[in-house]
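For reference, the structure discussed in these notes is given below.
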Amino acid sequence: MSDHDPYVTIDDSDRAFWGDAVADTIETRDPDEPIVIKGGVSPSGVPHIGHLNEIVRGYVVAEVLRDRGHEVRQVFTADDRDRLRKVPRQLADLEWNVVGLGEVDAGALGRNLGKPYTSIPDPFGCCGSYGAHFTNLLARSAELLGIPIEVVSNTELYAGGEFEDVTRHVLSNRGRAREILADYQASVDEGYVPFQAECRSCGVLTDGIVDVDPEAGTVAYECRDVTVGDETIEGCGHEGEVTLREGKLPWRFEWPAQWSVLDVDFEPFGKDHAEGSWPSGVAIAEGIFDVEPPVPMVYEWFTLNGDALSSSSGNVITAAEVLSMLEPAVLRYFFVKDPRKQRDFDVAHLDQLVDEFDRFEAVYFDEIEASDEERERAESAYPTVVDDLRAERVRIPYTFAAVLGMTDDPDLREEIARREGHIPDDAPEWAIEEALARVESAREWARRTDNEFNYDLKREEIPAVDFDADTEAALDELADFVAEGQDGEAIQGRIYELAESHDLDVGDFFAAGYRLLFDLEEGPKLGPFLAKLDREFVVDRLRRER
RNA sequence: GGGCCGGUAGCUCAGUCAGGCAGAGCGUCUGGCUUUUAACCAGACGGUCAUGGGUUCAAUUCCCAUCCGGCCCGCCA
């Protein structure tokens with residue numbers, strides 16, 4: 001079975017970039033074109049960045065293969081005929097507004113446990129079903145990242161008949177199917193039938209199969225209780241018959257069936273599948289469907305801010321939220337890193353991720369020193385994270401962008417960025433525009449994490465202040481000094497002098513300044529900051545006039 | 001209980017496949033700016049490579065055991 005160890009695809013390669021390792025393995029198989037790359041997830045609730053592994057890991061490999069001249073199809077199966085097992089705590093509308101269950105009809109959802117996602121009404125009423133709603137959000141996540149995928153609904157594969165032959169084939173060979181699966185699952189017994197029927201009476205997917213006639217294409221069932229985790233969903237007891245299109249294969253068979261029907265050449269999957277579904281899937285693909293399993297790749301799971309991603313506990317972050325704080329290219333870059341490592345998506349330290357990306361980019365353009373290893377990785381990985389390779393692009397360091405975010409005047413932002421040397425004189429217009437777009441992202445990051453960059457210049461209205469006479473006198477003198485057009489360092493020095501000459505504590509005097517500008521006790525280095533704001537405003541504000 | 005993956009500086013991570021002086025960025029500290037607050041420049045500090053054994057001239061790297069985080073053997077990125 002070592003031939004199908006899903007870890008060796010990357011482990012056994014000497015490539016610096018895992019995407020090359022996978023692409024090499026795929027090429028070794030000499031697959032027909034277009035090469036098919038698949039991912040898939042149950043549309044069970046709000047999609048988070050963990051789910052994006054199923055899309056972005058495949059995309060990275062697709063891009064490497066395309067760079068090598070191959071034609072590639074990236075399909076994504078919405079495994080939407082799976083059962084709703086539990087009611088999620090949170091949902092999201094199509095605009096990514098996360099809402100608690102109380103805001104929708106939770107009772108209605110609770111009554112749908114055990115039914116396929118696509119048989120449950122959309123709680124928001126905007127899509128054809130619960131499944132369609134969350135598949136829609138998954139598709140939108142891909143779109144936000146600029147990744148083209150073909151979304152395939154499992155439900156449609158069954159209902160439309162594309163899955164009928166494989167389903168019949170499994171049922172015709174159910175004895176053998178049972179034997180193979182029993183090697184991997186202790187619970188498989190003599191009476192096991194690899195099919196779940198959608199009860200005509202209550203709609204629950206039942207395992208209570210009493211008879212099958214593959215040739216006629218019918219399955220007789222009795223709607224028994226279904227055990228899902230530690231919950232039991234009551235069956236209604238109805239006895240009836242369905243066609244092969246009105247139910248589904250259990251996951252262990254459905255996955256290899258997808259490989260067969262969709263002709264899958266490569267599929268990345270989470271570590272949860274590495275030792276369960278994957279080996280049994282390989283055996284079923286070879287022993288039942290007589291197809292070669294795809295090239296496998298295991299990815300480790302992410303944590304978010306140090307804790308497990310968990311829909312039920314609410315520790316999730318969506319693509320939309322992430323992309324409010326950084327560019328799509330940076331998020332893609334996160335997925336270009338080694339899939340074998342457990343990785344934390346740390347919102348508090350997003351600046352480090354962005355800095356790392358900037359460096360990665362600079363290595364690609366040969367602008368900084370780097371090891372051969374780093375260079376080799378950037379060479380083939382960078383083109384998968386950006387759409388256009390443009391050496392003239394401009395990147396303002398993320399934390400500096402956060403500083404610029406303290407003011408919302410776009411011209412001032414650009415002026416400061418230029419003065420500090422973060423925008424070259426000959427930078428093209430598009431590059432400046434994109435560079436300054438990062439300011440909005442960094443601002444949002446500062447706001448969300450409420451970190452040391454979260455200063456909000458109170459430009460519109462002066463904060464409520466109450467200074468003593470000495471402080472007021474010193475502020476007036478500082479205003480006069482600023483009015484003369486002094487530079488930042490001079491203003492900084494003057495602040496000290498004024499504090500001393502008016503017998504004020506230096507710290508208190510600085511705090512007065514921060515209070516006037518930000519309604520806070522501390523802030524960025526005051527002199528240079530004052531020098532960078534428009535002078536009239538600063539002078540008026542120091543005089544407490546507006 | 002059996003098995004699989006991960007653990008490298010305060011933080012985020014390279015490096016381990018193929019054994020050969022322990023790496024980067026950020027943070028911290030120091031100095032520069034004639035005077036506490038850096039978004040600038042220069043420099044320094046920082047590690048028992050989770051722990052303990054073993055193999056080897058040499059181990060972060062290979063082997064064994066243990067600890068920690070997570071996963072699989074029931075469903076689920």
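In what follows, chains carry the letters A, B, and so on, assigned in the order in which the sequence lines appear, proteins first and then strands, with residues in each chain numbered from 1.
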Any [X] side-chain N or O less than 4.0 Å from OP1/OP2 of [N]:
{"X": "A:Arg343", "N": "B:A14", "answer": "yes"}
{"X": "A:Arg252", "N": "B:C73", "answer": "yes"}
{"X": "A:Arg494", "N": "B:U34", "answer": "no"}
{"X": "A:Lys341", "N": "B:C13", "answer": "no"}

Hits for salt bridge (Lys or Arg N to Asp or Glu O under 4.0 Å) against A:Lys271, two or more places apart or cross-chain, chain-then-number order -> A:Glu300
Pick base, sugar-phosphate or nothing for A:His422, based on heavy-atom distances below 4.0 Å to the nucleic acid. nothing
Rounded off to whole Å, could you give me the CD1-to-C1' distance for the A:Ile10 and B:C17 pair?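 Interatomic distance, CD1 of A:Ile10 to C1' of B:C17: 12 Å.
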A:Trp301 over B:G70, stacked by centroid distance under 5.5 Å, angle under 30°
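By the stated criterion, A:Trp301 and B:G70 do not stack.
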Residue pairs meeting salt bridge (Lys or Arg N to Asp or Glu O under 4.0 Å), one or both in residues 177-189 of chain A, sequence neighbours left out, come to none
Of the candidates B:G3, B:A14, B:C75, the side chain of A:Asp338 sits closest to B:A14
Taking B:A18, B:A14, B:A77 as options, the one with an atom nearest any side-chain atom of A:Val41 is B:A77
* To do: For A:Val316, enumerate each residue passing the side chain to side chain contact (heavy atoms under 4.5 Å, CB included) test, keeping only those at least two apart in sequence or located in another chain.
  =>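 A:Val316: side chain to side chain contact (heavy atoms under 4.5 Å, CB included) contacts with A:His48, A:Gln90, A:Ser311.
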Taken in chain and number order and not counting sequence neighbours, the residues that satisfy ring-ring contact (aromatic ring centres under 6.0 Å, His included) with A:Phe509 are none
Kindly write out the residues that satisfy ring-ring contact (aromatic ring centres under 6.0 Å, His included) with A:Tyr398, not counting sequence neighbours, or none if the list is empty.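 Expected list: A:Trp445.
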Pick out the pairs of N or O atoms, protein on one side and nucleotides 19-29 of chain B on the other, that lie under 3.5 Å.
residue	atom	partner	partner atom	Å
B:G25	N2	A:Gln352	OE1	3.0

Between A:Phe302 and A:Phe335, how do the two ring planes meet: parallel, tilted or perpendicular, split at 30° and 60°? perpendicular
